[in-house]
Structure formats: C-alpha cells, structure tokens
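Everything numeric in this text was worked out from a predicted model, so none of it was measured. Throughout, protein chains are lettered first and strands after them, A, B, ... in sequence-line order, and every chain is numbered starting at 1. The basis for the numbers below is simple: all heavy atoms, side chains too, and nothing from hydrogens, waters or symmetry mates.
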Amino acid sequence: MDSCPSVKNILLLDSEGKRVAVKYYSDDWPTNSAKEAFEKAVFTKTQKTNARTEAEIAMFENNIIVYKFVQDLHFYVTGSEDESELILATVLQGFFDAVGILLRGNVDKREALENLDLILLCIDEIVDGGIILETDANSIASKVASHSIDSGAPLSEQTISQALATAREHLTRSLLK
Amino acid sequence: MAQPLVKKDDDRDDEVDYSPFLGIEKGAVLQEARVFNDPQLDTRRCSQVITKLLYLLNQGETLTKVEATEVFFAVTKLFQSKDIGLRRMVYLMIKELSPSADEVIIVTSSLMKDMNSRTDMYRANAIRVLCRITDGTLLTQIERYLKQAIVDKSPVVASAALVSGIHLLQTNPEIVKRWSNEVQEAVQSRAALVQFHALALLHQIRQNDRLAVNKLVTSLTKGSIRSPLAQCLLIRYTSQVIRESGVNPQTGDRPFYDYLEGCLRHKAEMVIYEAAKAITELSNVTARELTPAITVLQLFLSSSKPVLRFAAVRTLNKVAMTHPMAVTNCNIDMESLISDQNRSIATLAITTLLKTGNESSVDRLMKQITNFMSDIADEFKIVVVEAIRSLCLKFPLKYRSLMNFLSNILREEGGFEYKKAIVDSIVILIRDIPDAKESGLLHLCEFIEDCEFTYLSTQILHFLGNEGPKTSDPSKYIRYIYNRVILENATVRASAVSTLAKFGALVDPLKPRIFVLLRRCLFDNDDEVRDRATLYLNTLGDGSVTETDKAVKEFLFGSLDIPLTNLETSLKNYLRDPAEEPFDLYSVPKEVKSQSFAEKKAPSKKPTGLSAQPAAPTSAPDAYERLLSSIPEFASFGKLFKSSAPVELTEAETEYAVNVVKHIFDRHVVFQYNCTNTIPEQCLENVTVIVDASEAEEFAEVGTKPLKSLPYDTPAQTFVAFEKPEGVPAVGKFSNVLRFTVKEVDPSTGEAEDDGVEDEYQLEDFEVVAADYILKLGVSNFKNAWENMDPASERVDEYGLGPRESLAEAVNAVIILLGMHPCEGTEVVPSNSRSHTCLLSGVYIGNVKVLVRLSFGIDGTKEVAMKLAVRSEDESVSEAIHEIVASG
C-alpha cells in the first residue's frame, strides 16, 4: 500500500475464455496451467455480467479484477486487493480505448488477431513490469502506431508502396481526429 | 498498419472460428524464422513471423533452450533494418526471450546505439529492453546515458528511464541511488506520467530515510504535483508519514490532515478516493476527521459506474467495523445497493448494513436478505453469515430471528465452506448467548440427520457431547446421536460413540440406557467404533475396571494442552526415523508458533525488494534446538526453554546486518548473533561479539563460539553463553561490539587477500526481560482453565498505568511486557470503548502454567487503570508476575 500502484496482469480473452493476448507481471501464477486456471475462473465468474457500457469489478482470490467487454472480446486488468480500484479502472480504460483506436473501431476477436502485433505493442506501452507506464489512450495508440519508417532513414529506402501507405496513414489519422 | 497475416478468403465471414493463426505450429514457424537471415530483408514478412512466435509464446507454448538461442541470434540480425514497426517487434521478442548473460552481449551494442538515436521511440524502448536484460556490470557503462534520459525533454524517454530505474533499484540499489539529483529534477516535469514515475522512484530511493521522506512530503504537499497518479502516490506517502509521526499532543491536530482533506476536492475521482481511503485508515481517526471523507464516499455510492460504487462501499464497509456510527448516514443509499446488479457490491452493502443497523431494523433487514440469499454465490453467502453472527452477538435479544435465519439457510443447498460458516456461527451463538443454547442445539441435531459432510457431523457431535448433557432435558438428543451410529460412515459412528459416552458420564439417570446403546456398538464392523465402545463401557463402570468419577471426566473432557500443529510435526519426525522407545507426549514443544498466521498470508505477498529483510534462518523452536545441541559447548545446558524472536541490532542497510536471538535454558542463556555481511568486496574472519554485561549483574559469561569466516551475503551465527541463577528470571542490559578481521576480496575472482585488518563495529544494546522467561501457550477454553486452577494461587492487585494514548495501546504494552499468549481474541480492543478485559496464558520458567486476567479502564484524561488477577500452579509465580508488572 505504501508503494507504487501495480498491475498483476492484463488479459484479453475471447467470448469462450480463450486467450487472445495476455501479459502477467506478478509471480502469483508461476506456471502456464496456473495462469490458465486463473483465466478460466475469472472468465466464468464474470461471463454472465453485463460489462458493456461501464467497466465492472469483482474480487477474486484476494485480487481485484476490473473488466469490460465489447463484441466477442473481454478485457481484464488485475491488481492486488490493496490496490485502488479506480487506478486499475483507469488502466483498463486506457487499454480498452487504445485498442479501439488501433483497430479503428472494429473491435472484435478477428480484427484483434489480425493485428495482434499492435495489441502486443499496446500492452507493452501500458504497463512495464507491473508499473503503469501510460494510461491515456491517445498517447498509447500514437506510441504503438508511430510509424513505419524511421524518420532518420533516407527517403530513397522507402519503396513507392511504403510511401503511399505512410501517406494514407497520415490521412486516415487526420480524419479520425 | 500491419497487414492481415493470411490472405483474405471470400467466404471467411461465414466461418465462425476464423483465426489468422489457425493450425499454426511451432516447428513450422521456427522454419519460417529463417527469413531473418536473408540478405535482403522482407520487413513485413519478418514482422509477421515475430508476431506468430509471440502468439505461440502467449498461448503457453515454450521454446527449448536451443530453440530460444537460435531465435535470439536470428532476431538480432534484424537490427539492420530501419523499419520502426519491425524494430518494435524485435524489442518485444528480445524481452520475451529473456536472453542469458552471454547472449545479452550480442545485442548490447545495437541497443546502446538505439539509446542514442534521435528517434524518441528508439531511445525509450532501447532503454527499457536493455535495463530489463542487463546485469550490474553493464549498468555502470550505460549509467551516464540513463541519467541523461531521466531529464530528457521527451516524456516517453524520461518515463522509460525512470521506470527502469524503479526495477533496477531492486537489483542494483547503489547505482540507482546516485541518480537522486536527476530524479528530483524530473519530479518537477510538466509531463504528468514523468512526474508520477519520478516521484515513485525518488520515494523508493529514500524510503529508509524517514527524515528525507518527511521533507519530500512536506515540500510536495504545498502543491506542485499535477498528475492524478502522482497525487495518489503522494497521498500514500503522506499517510505513511502521518502514521509515523502521530498526533500533535498539544493541539490534537494531525499533521498533513488538511492536505488530505484538500484532496477530497480534487477534480480527479482517483485522487478523491485515495484521499478518502487514506483518511478512513488513519489510526484513531476521530468522527470530525472522518465526516468529510464519508460524505464524498456517500456521493460515490450513487454513481453510475460500478467500479466507483464498489470502491466506496468496500471502504465504508471497513469503516463500519471500527466506526459504525459514522457510516449510518449512508444507510439509505446503502439499502438501495442491495439490489445492485453487481453482486459483490450488493454483498458489501448488506454486510455494511448489518454492522451499522440498530436493534429495531434487524427484522426488516433479515427479510430483505432472505430474498437476496437465493441468488448469490457461496463465497458471498459466507460473508453474509459472518456478518449476521456478529450482529447477533451485538443484539443478543434478537437471537430468535437470527437463529431462525441461520437454521433456514442451513437447510438449503450449499457447499462445504458455506455450511461450515453457518455451523460455526451457530456454535458461537450457543456459546455466547445462553438463551439460544437449546434451540441452537436442536437445529444442529436436525442438520446432522441429513448432512453429507463427515467433518461437520463429527464437529457437531463433539460439540453436542460437551453441551448437550448440561441442558434441561439431555435425553432428547440421544435419538439423533444414536441414529448416526446406525446410518453413517465409520468416522461419524466413532464420534457418535464418544458423544454417547459423554452423556453417560455426566447424566446419571441416562447411564443404563447409554450402556445398552454402547453394547450394541460392540458388534460394529469397524475397529475404531468397537474399540471406542469397549473403552467407554469400561471407563464408565460397566466392566471390571472402574475409574474414579473425576478421572473419567478428565479423560473425556480434558483438553490436550499441546498445540496440535506441534504435535503433528513431532509425530511426523518420530515416524521418519522410528526409535525403540515409545513416543513421548511430553517431548512435544508447547510454544505456540505465532508466525503461523504470517506464513499463511506470505505466499500472496512477495517481499518488496530492499525493504524485505532476508528471512531469519528458520525461526521454528525445534530448528534452534537442533542447532544448539549440535554445538558441544552448549550441549550440557539441558532442555531449551524458549527462544525469543530475533531483535535487530543494526539499522536497515548498514554494512553489517546483525540480529540476536535469546535462548533461555534453566541455568544459562545463549545469545545467538545472526550476522550478514553486505559488502561484496569484503570477507570477515574470526567474528565475535564482545558483550559487556556490567548492567546485568546476575549473568556471568561462560563461553563464546566465534565465527571463522563471514563471506558476502551468506548469513552465519556466532554465540555467546552466560550462566545465571537457576529458575530465576534474571534480567539485564547487554551492550555489544562486533569484532572481526576484515580482508579485501577481489570481486572478479572472489578470493580474499592474505592480510587482514582488525576492526570493530558498534552494535545496539538489547535487554533480557521478564517476558523472555514466559512461553506463549494458548488454552482452548480460558474459563475452564481458570476455574480448574487453584483459587488459592490467585493474586489480585490494581495498578495505575498513567496517561496513555489509547486503551488499545495500553493493552498491547502489557501483553508485550508479559510476553504471554492472548486468548479468545481479547487482545483486540474495540475503538472508543472505555473498559476492556484481556485474557492471557503462558508457561513460566520451570514449566509452571500461568493464567492472567487483565481488566482495563480509561477515564476522560486518558489515565489508564488496570486490575491484574493471576492464577498459576505455583503461588510464587503468581507473585512473580505481579513483580514484572510492578517493575515494568
């Protein structure tokens, strides 16, 4: 309680409780089977609740879990029972919204798997080793998508299609704002 | 944006289980990873392969050591590419592979180059990756860059360096501590998250320096913190400072309270909540201090956000345990939460209401709860049952409706834990509310008529045997008990036989009938049941052997005065190497292991880096005993009576960490100094502790056992033994100096130089106190134990304890002074109570059992008075206890 707020794990599961992307920061669940058991238990416990408009919350095995669902995707953030519920909820909201921006509003399992690299980078930008790195969805998304060619690289190394992609990227982003 | 990993099929919309990773396989992906070696890199393809690898790892697939090494080397080739997206995936992959030290070298130069890149994302990520995989030696090389990065104008880079600093502090504290100035500058950053990370790191660097933390809090609470997260941190640090500094005795004001109260008006909910929570957790918080916090929490109760409602109701629930009156204002909002969609919130609301409700509202509440119980999970039901139990103890007059409620839910469906909670509650109510006894016992009897849990049946039968015979009409229970002998499994049958015997022993009119029933049990097909029946028939006087009445009762009702866990370990040890002689019950240590609670909780809490001391080298008494008896000099001292908890003789984070354990024997004491050397460049030899016992007149030094060598970070012990008068609780103060020969060690080879220098190190003083001569020993039923002691041994006197901060503090001080075991939870003082009774038990040196009953009272000026009543097996010991208190 005297220390820095910390996150124990971030989970993104599908509508059957299967993993889309997960990241654990604490050693409470040392093995893969322990992790899977935890995910299953959390999923079953929260499955019937309606967490589509507002983030919901549950206590489980001395942990606090905040969660939010959209389409066939279930977002979870876990912290210890001493952790502030609202801080965990802020992390969840950052994750949830950032994924929304990165997937351009088409947030479902298929889209998430097709852009798994973005999801993994996104998780990497939110929490580092349990410490909250960033909670603002726009900042997270822009860090993940800060793109594609090193600005230091000479222009000649860009192929035409890459240049076009970059241009299109800039256009869509300006439209999204 | 990344491209789909598989070509789009036209009909893929119809496919339910479509996944770009369908049928993916480790072997094939590892084959694909060969593209990393192509001279002309296809960046998109490489990205895809890394994603696939990460996907596999994420799904729980593992790579063998060889596979991981191969992938790692292949991935390092990708540093050639200038594609940011690919580089980011490379970073992720390296972190995921967590390469070994010799592999790290391969990527170090590439990462160091990225750390100096002009691109912020490269700098930030390279720092995070490098700090994650690096070890101490490399850290000194990159330290300069990290210090620079902390004050980098890009917030991403600064945060990356600060967060890495927080992680590195655990492993390389001495390096990170040198960054204080830069970190301090970063606290003033305009970027919200940088401020947050800098504050977290700064506090961790200074956490052992109370004054520095105090200064930090004082300067920052004046208001230069903008980030809500940083503000939350500051609130946590502030409440820590408040805890340590206490209330100003003159004005009654609490330092920094105004700051916390100000945070209640912050615009971020996160900060408001953190401040409200901090206020409710202040020690000895007054009603006036609580009110503003309760008001904001009450507002949260009607929020549309479940998380906010949950946070508020959970905090109020905690407040209700100590200050029920403060929460009653929220009762209306709370009642509307009973029907909350989120069952966790509903349960918390119910239990809060049960704590704050008054006598007249009980019936209405029970009605609401009855509807609610059917649709919540078992774990919530248990919470409700526990709340009802405490409510019933609070309003004994309402036992009828509450007991009815419990018996109703006992009849419904439910798992073991839930049923156990109900049974436990009924048992406690029967014990504490005499009027509830008869109806409660009947409820339990009905329950065991149809109970699927052997454990619960036997528990109830045991309880019935103790309580049933004392009721007005014991005969009505016999039917239920004998039914068990006919209908149940062997375990339950055996305990039913014991219960029957107890009725026979206590109720003479029933004796002949009990004999008839017990004789029938002689033909049971289970050994244990037959054996018990035979044994009881004989002890109760049906057979040839007749015991005296008192012996029979002692046999049936007497409790085992040994902690069961100790008995279990002793029996296990006995079985491991079976000896010729039979197991001796008296060889079981009687000391209650007070750390058993801590152990239970331990797995869920990992030690937080530096603040966690290395665990004492096994604190179990038998481990000490083994250790001491292995030292020939001390072998003649006889049986170890008690070992104290370790007492620290050095401050945290000094060069040498030393603590002492006091071992008490009949005529000797042995001090065990546990020493740890925390300097890698040194090795200590011939370590002894020079003890000055001039302030401990009754002690005479008889021997020391020096420590030959104390290498870095390997705790070891040195001993000093003293002689003292036999059986007398001699007390005294000891001052200590650590004397040793110090030798320089070459860190690269680990070899010590030949010549050493003699040196001394001052340790803190410690005392042998009266409590060291008293063993903590719990009794299961204090009242019985008290009544069984000879009243002639009782010594009563009254003491004035002078002004005290609170009643709880006074009670605690006396418990620590006597070093005895508090019984039946009486060490907890309800807040605001003006009087309290505390029950203690223990064993005095010479194996004399002692029981203590303490009655405390506090008046308006905080003057505490105490009445001390002692009973023991030896009158002189009763007097000795009084002497301890009188002189303490």
Side-chain angles (χ1 to χ4, degrees), chain A residues 1-5 19 21-23 26-28 32-33 35-36 45 49-51 54-59 62 66 80 84-90 102 109-110 113-118 120-121 124 128-129 131-136 143-153 157 165 169, chain B residues 1-2 4-5 18-21 47 50-51 54-55 58-60 62 82-85 87-89 92 95 117-119 121-122 128 132 156 159-160 163-164 166-167 193 196-197 200 204 229 232-233 236-237 240 269-270 273-274 277 304-308 310-311 314 341-342 344 604 606 608:
Chain A
M1 188 56 213
D2 296 331
S3 58
C4 196
R19 275 181 196 170
V22 296
K23 183 78 193 167
S26 91
D27 37 19
D28 293 13
N32 189 50
S33 50
K35 292 183 173 104
E36 275 173 349
K45 198 178 153 72
T49 53
N50 178 14
E54 289 285 355
E56 277 287 348
I57 182 161
M59 287 270 282
N62 300 330
V66 288
S80 89
S84 159
E85 296 87 341
L86 302 196
I87 291 179
L88 293 175
T90 315
L102 290 168
K109 181 188 172 188
R110 188 164 69 203
L113 282 175
E114 277 176 359
N115 296 290
L116 190 67
D117 49 346
L118 299 184
L120 292 172
L121 286 174
D124 185 57
D128 181 285
I131 298 173
I132 300 165
L133 211 50
E134 178 60 81
T135 57
D136 177 63
K143 282 188 207 171
V144 171
S146 68
H147 234 276
S148 172
I149 291 299
D150 182 351
S151 51
E157 279 188 18
E169 187 65 36
Chain B
M1 290 277 144
L5 299 166
Y18 168 80
S19 154
F21 301 104
S47 249
I50 293 184
T51 312
L54 288 171
Y55 172 81
N58 218 298
Q59 296 294 318
T62 48
K82 295 235 181 303
D83 185 282
I84 295 193
R87 184 70 57 88
R88 300 289 303 281
M89 297 310 284
L92 266 192
K95 278 200 269 188
S117 150
R118 279 186 296 127
T119 316
M121 287 317 294
Y122 277 3
R128 283 171 55 202
R132 170 63 51 87
V156 192
S159 279
V163 170
S164 300
I166 297 175
H167 293 311
L193 268 295
F196 164 61
H197 295 133
Q204 283 195 16
L229 273 174
C232 287
L233 268 188
R236 289 182 189 186
Y237 301 154
Q240 189 186 341
E269 283 163 346
M270 190 196 284
Y273 172 59
E274 197 72 45
K277 199 165 140 189
S304 64
K305 295 181 191 160
V307 175
L308 215 48
F310 178 89
R314 190 159 80 110
Q341 284 281 317
N342 185 321
S344 308
S604 67
K606 59 170 183 192
T608 46

Which bit of [X] comes within less than 4.5 Å of chain A, counting heavy atoms only: side chain, backbone, both or neither?
X         : answer
Arg87(B)  : neither
Leu308(B) : both
Ser304(B) : both

Should [X] and [Y] count as side-chain neighbours, where that means a heavy-atom distance under 4.5 Å?
X         : Y         : answer
Asp117(A) : Arg88(B)  : no
Leu54(B)  : Leu116(A) : no
Phe196(B) : Ser159(B) : no

- Task: Output all residues satisfying salt bridge (Lys or Arg N to Asp or Glu O under 4.0 Å) with Glu56(A), sequence neighbours left out; order by chain, then residue number.
- Result: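 Testing Glu56(A) for salt bridge (Lys or Arg N to Asp or Glu O under 4.0 Å), a comparison that skips the adjacent residues, returns none.
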- Would you please name every residue forming a salt bridge (Lys or Arg N to Asp or Glu O under 4.0 Å) with Arg128(B), sequence neighbours left out?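 Asp124(A), Glu125(A), Asp128(A).
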Counting heavy-atom pairs under 4.5 Å with chain B, which one of [options] comes out on top?
options                                   : result
Leu120(A), Leu133(A), Asn32(A), Asp136(A) : Leu133(A)
Ile132(A), Leu121(A), Thr135(A)           : Leu121(A)
Val66(A), Leu86(A), Thr49(A)              : Leu86(A)
Ala89(A), Ala58(A), Ala21(A), Pro5(A)     : Pro5(A)

- Spell out, as yes or no, whether a donor-acceptor pair under 3.5 Å connects the side chain of Glu274(B) to the backbone of Leu233(B).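 Between the backbone of Leu233(B) and the side chain of Glu274(B) there is no qualifying donor-acceptor contact (under 3.5 Å).
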- Task: Take atom NZ of Lys35(A) as the centre, draw a 6.0 Å sphere, and report whether it contains more than 12 heavy atoms from other residues, nucleotides or ligands.
- Result: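 Result for NZ/Lys35(A): enclosed.
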- At a heavy-atom separation under 4.5 Å, does Ser33(A) approach chain B through its side chain, its backbone, both, or neither?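 Neither part; nothing is under 4.5 Å.
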- Query: Taking Arg314(B), Lys95(B), Glu269(B), Gln341(B) one by one, which has the highest count of heavy-atom pairs under 4.5 Å against chain A?
  - Reply: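 Result: the option with the highest number of such pairs is Arg314(B).
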